[in-house]
Structure formats: C-alpha cells, structure tokens
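Read through the structure below, which is laid out as structure tokens, and then see the notes.
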Amino acid sequence: MTDDRRYQSDFERQIEFDFLRATEIAALNTLQWLGKGQKEKADEAACDAIRGMFDLMDIRGEVVLGEGIKDEAPGLFKGERVGTWKDGSPRFEIALDPVDGTTNVSKGMPNSLSCIAAAAPTENGEPCLSDIPAFYMKKLAYPLKVRRAWLQDPSLPIHVDAPISDVIDVTARILGKDVRDVVVCVLDRPRNENLIEAVRRKGAALRMIMDGDIAAALAPAMHTSNIDLYAGIGGTPEAILAAAGLRCLGGGMRAKIWPRDDAERQSLIAAGWGDRLDKEYMSRDLARGDNLVFTATGISDSPLLPGVKVRGSTAITHSVIMRARSGTVRFIESHHDLERKTIHLRSTGVEREI
C-alpha cells in the first residue's frame with residue numbers, strides 16, 4: 001500500500017481532533033451550570049454542544065451507546081445519526097457520555113468530564129462497541145503492569161469475582177508496594193458497601209467517589225494518577241466507554257452484568273442474555289478492534305483530567321485524546337479567548353458566543 005493510500009485509509013487520524021473539539025465545547029457549555037443544582041440543564045447544555053459539533057463533522061456516525069438510560073436524561077440516544085452523512089464519509093460507531101458525573105456538576109464537586117469513544121467498523125462487520133441491555137456491571141480496572149502479569153500467569157486472582165483482599169495483595173506485589181499504599185477507588189453507593197468494608201479491613205488506601213466512574217476506571221492506567229485499582233458496581237454504558245479508553249491506554253478491566261433485582265434478571269433472560277449473565281467480560285470484549293479513538297475533556301477536576309479554569313476572559317480546558325491502533329496518548333491544554341470564542345449549537349444552528 002502506498003503512503004498516500006495508507007493515510008487515506010487511516011481516517012480516524014484525520015477526524016480524531018473533531019471528536020476532541022466536541023468534548024471541549026461540551027465542557028465549556030456545561031460550565032455555566034457548575035454548582036447550580038440542575039444536573040438536567042448541565043446535561044442538556046453538553047448534548048446541545050456535542051450535537052452542534054457533530055453537525056459540522058464530515059462523518060457517517062451512529063450512536064450505538066448513548067446516555068440517559070437510567071434517568072431519562074436529555075442525552076444522545078441509541079440509533080441517532082450524527083455527522084453530515086455525505087457519500088464517501090467515513091463510518092463510525094459512537095459511544096458517549098456528554099457529562100459523566102452530572103450530580104458532581106450540579107453540586108460543584110470534582111470528578112466530572114465529557115467523553116466520546118468512536119470506532120471505525122471492523123473488517124468482518126462485527127459491532128465494535130458492545131450494547132449490553134443492563135443498567136449496571138460489576139467492574140475491576142487495573143494498570144498495565146497488572147494486566148501483563150496476568151497474561152504471563154492467568155492463575156493470578158485478577159478477576160471481578162475474586163476477593164478484593166486477594167486482588168489487593170497481588171497488585172501490591174506486582175507494583176512493588178505495601179498493601180497500605182495500594183489505592184483503591186470505589187463508587188460510594190449502598191450496593192458497594194460490602195466491597196468498601198473489605199477494602200478497609202484489608203488496610204488498603206480507599207478513595208471513594210460520589211459519581212463519575214469513567215474517569216475513575218481509567219485512572220489506574222494513567223501515569224498521572226495515584227489510583228491503583230478501581231472496583232465496584234457502576235453503570236454499564238460507563239463500563240463500555242472506560243473499556244474503549246483502557247484499550248488505548250493499555251490497562252485492563254473485567255466486568256460482569258449485575259442485575260439490580262430478579263425482575264431485571266428475568267428481563268435479561270427474556271431478551272436472550274441468560275447465557276451471558278455469568279460471563280466475565282474483558283476490555284477487548286467490550287470495545288473490539290484497533291480503530292478506536294477516545295477523547296475526554298475535564299469539566300471539574302478528576303483523577304484523569306483537571307477541570308475547566310477561567311482566568312479573566314480566558315477559559316482553559318484540559319483534554320486527552322488517544323488511539324488504540326498506535327497507543328498514542330495526547331494531553332492537550334487549550335486556551336479559549338472568551339471574547340472571540342464561539343460554539344455551534346444544535347438548538348440554534350448557528351455559531352454563538354459562550
């Protein structure tokens with residue numbers, strides 16, 4: 001293949017920064033609702049900005065995993081077409097969370113971001129980003145060193161159902177740490193109470209978050225983070241998005257469907273998922289192929305990214321963009337002149353000042 005043809009076929013490289021611009025303007029448009037106690041308004045602002053950016057992108061995109069499933073938020077939903085859909089435009093499956101951590105935004109708390117995962121179709125036509133019809137999954141995310149150690153010795157207890165004390169022990173050994181220095185991040189929910197108590201009994205360092213478990217699940221794979229493990233039950237869409245990011249970063253995640261009650265279990269069985277309720281998914285099961293792009297922009301500070309900062313007439317955003325094919329991770333700090341910066345919103349169809 002000639003260099004020119006190779007470049008033309010590598011179309012996610014050509015479009016990836018437009019995905020980054022989408023999360024940037026989502027974060028900027030959401031900032032007005034930080035701490036205002038209206039998470040639906042924050043979500044609506046982010047969705048409006050992302051849709052507006054998609055309207056300008058020369059792609060044929062389809063949302064295969066949106067948000068709003070749990071609380072009927074004003075999200076971008078499964079099956080929605082985005083992009084110009086011009087003939088010859090590249091195809092993308094898109095999973096996104098315009099605001100991961102809406103409660104945190106509404107309360108002015110840390111740990112919120114806007115993120116998008118995009119996948120070019122595989123050669124065999126198999127869907128790249130899984131669509132699992134469950135509200136929650138039980139998750140375990142870990143750094144690259146732990147994933148490599150498990151690949152060399154699959155008997156290691158790096159499994160979502162393994163006792164967390166065993167997982168902490170083996171993680172400490174692999175990372176060369178004392179158990180007390182292993183940092184475990186857990187979503188603060190009643191469904192995770194037993195896990196939280198087990199981490200405390202083990203004597204590891206516990207970091208609890210109120211919301212926003214995409215950033216938390218990615219954190220163990222980030223050199224800039226002090227989180228070693230992420231564990232517990234959280235949203236299924238967030239698991240898929242985190243898996244896409246981890247595929248790019250090199251870290252790993254295990255996940256398993258967690259029905260909330262017997263009614264949901266029976267609903268999953270009726271939908272043909274009965275034989276997969278005990279399946280342990282790995283990152284590569286949830287986000288397949290190598291043509292993956294993951295972008296995120298911080299809204300408020302998180303273990304992954306600093307949030308938006310405003311200094312006079314300048315807004316500073318911190319973003320990450322990464323690709324599974326090359327493993328390249330770029331951290332991007334952007335300075336936006338608010339006296340000149342405009343964004344394109346779907347609701348208005350025109351460029352407007354922030």
Side-chain angles (χ1 to χ4, degrees), residues 1 3 5-24 65 90 92-97 113-124 126-130 139-152 154 158 171 174-175 214-230 238-255 281-298 302-305 318-334:
M1 179 182 294
D3 289 342
R5 287 180 61 198
R6 185 180 296 111
Y7 178 75
Q8 290 177 7
S9 67
D10 193 11
F11 45 80
E12 71 266 20
R13 172 182 291 170
Q14 302 171 49
I15 203 74
E16 62 186 11
F17 279 94
D18 280 343
F19 289 118
L20 178 66
R21 292 183 184 97
T23 60
E24 276 187 348
L65 190 69
F92 281 98
E93 296 177 21
I94 294 171
L96 75 169
D97 199 340
L113 52 79
S114 178
C115 64
I116 296 173
T122 59
E123 291 183 0
N124 62 10
E126 183 182 24
C128 299
L129 301 170
S130 296
K139 312 171 193 177
L140 174 67
Y142 41 86
L144 176 60
K145 281 187 177 180
V146 173
R147 185 175 73 85
R148 284 177 172 168
W150 181 85
L151 289 171
Q152 294 177 354
I158 307 300
T171 299
I174 293 167
L175 299 182
I214 295 174
L218 292 175
M222 303 293 297
H223 296 298
T224 55
S225 165
N226 68 345
I227 303 296
D228 298 308
L229 294 168
Y230 173 74
E238 291 82 356
I240 312 305
L241 280 157
L246 289 165
R247 287 289 320 285
C248 300
L249 289 166
M253 183 173 71
R254 308 297 182 94
Y281 293 87
M282 293 192 288
S283 301
R284 189 173 290 273
D285 299 319
L286 300 174
R288 290 175 285 272
D290 292 323
N291 297 323
L292 289 167
V293 175
F294 181 92
T295 65
T297 301
S302 76
L304 180 64
L305 292 164
H318 298 268
S319 305
V320 64
I321 181 168
M322 43 196 174
R323 302 178 68 210
R325 181 193 295 272
S326 63
T328 300
V329 179
R330 292 183 175 92
F331 287 95
I332 297 173
E333 179 180 296
S334 301

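This chain uses plain numbering: 1 for the first residue, then up along the sequence. Everything quoted here is computed from the prediction, not taken from an experiment.
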Side chain to side chain, Lys139 and Arg254, heavy atoms closer than 4.5 Å: no
Any non-hydrogen side-chain atom of Ile94 less than 4.5 Å from a side-chain atom of Phe19? yes
Decide yes or no for Tyr230 and Leu218: does some side-chain heavy atom of the first lie under 4.5 Å from some side-chain heavy atom of the second? no
Sub-4.5 Å side-chain heavy-atom contact between Met222 and Pro303: no
Is any side-chain heavy atom of Pro143 closer than 4.5 Å to a side-chain heavy atom of Leu175? yes
Could you please spell out the steps behind the side-chain contact (heavy atoms from CB on, under 4.5 Å) verdict for Leu249 and Leu144? CA-CA 8 Å; Leu249 289 166; Leu144 176 60; over 6 Å; no
Is any side-chain heavy atom of Leu65 closer than 4.5 Å to one of Leu129? no
Search all heavy atoms of Leu286 against all heavy atoms of Ala239 and return the closest pair with its distance. CD1-O, 4.2 Å
Looking at every heavy atom in both Leu113 and Ala215, which two are closest together, and how far apart are they? CD2-CB, 3.5 Å
Salt-bridge contact Arg323-Asp290 (side-chain N to carboxylate O under 4.0 Å): no
Evaluate the side-chain proximity of Tyr142 to Arg147: yes if any heavy-atom separation is below 4.5 Å, no if none is. yes
Look up atom CE in Met282 and atom CG in Leu140, then write down how far apart they are to the nearest 0.5 Å. 12.5 Å
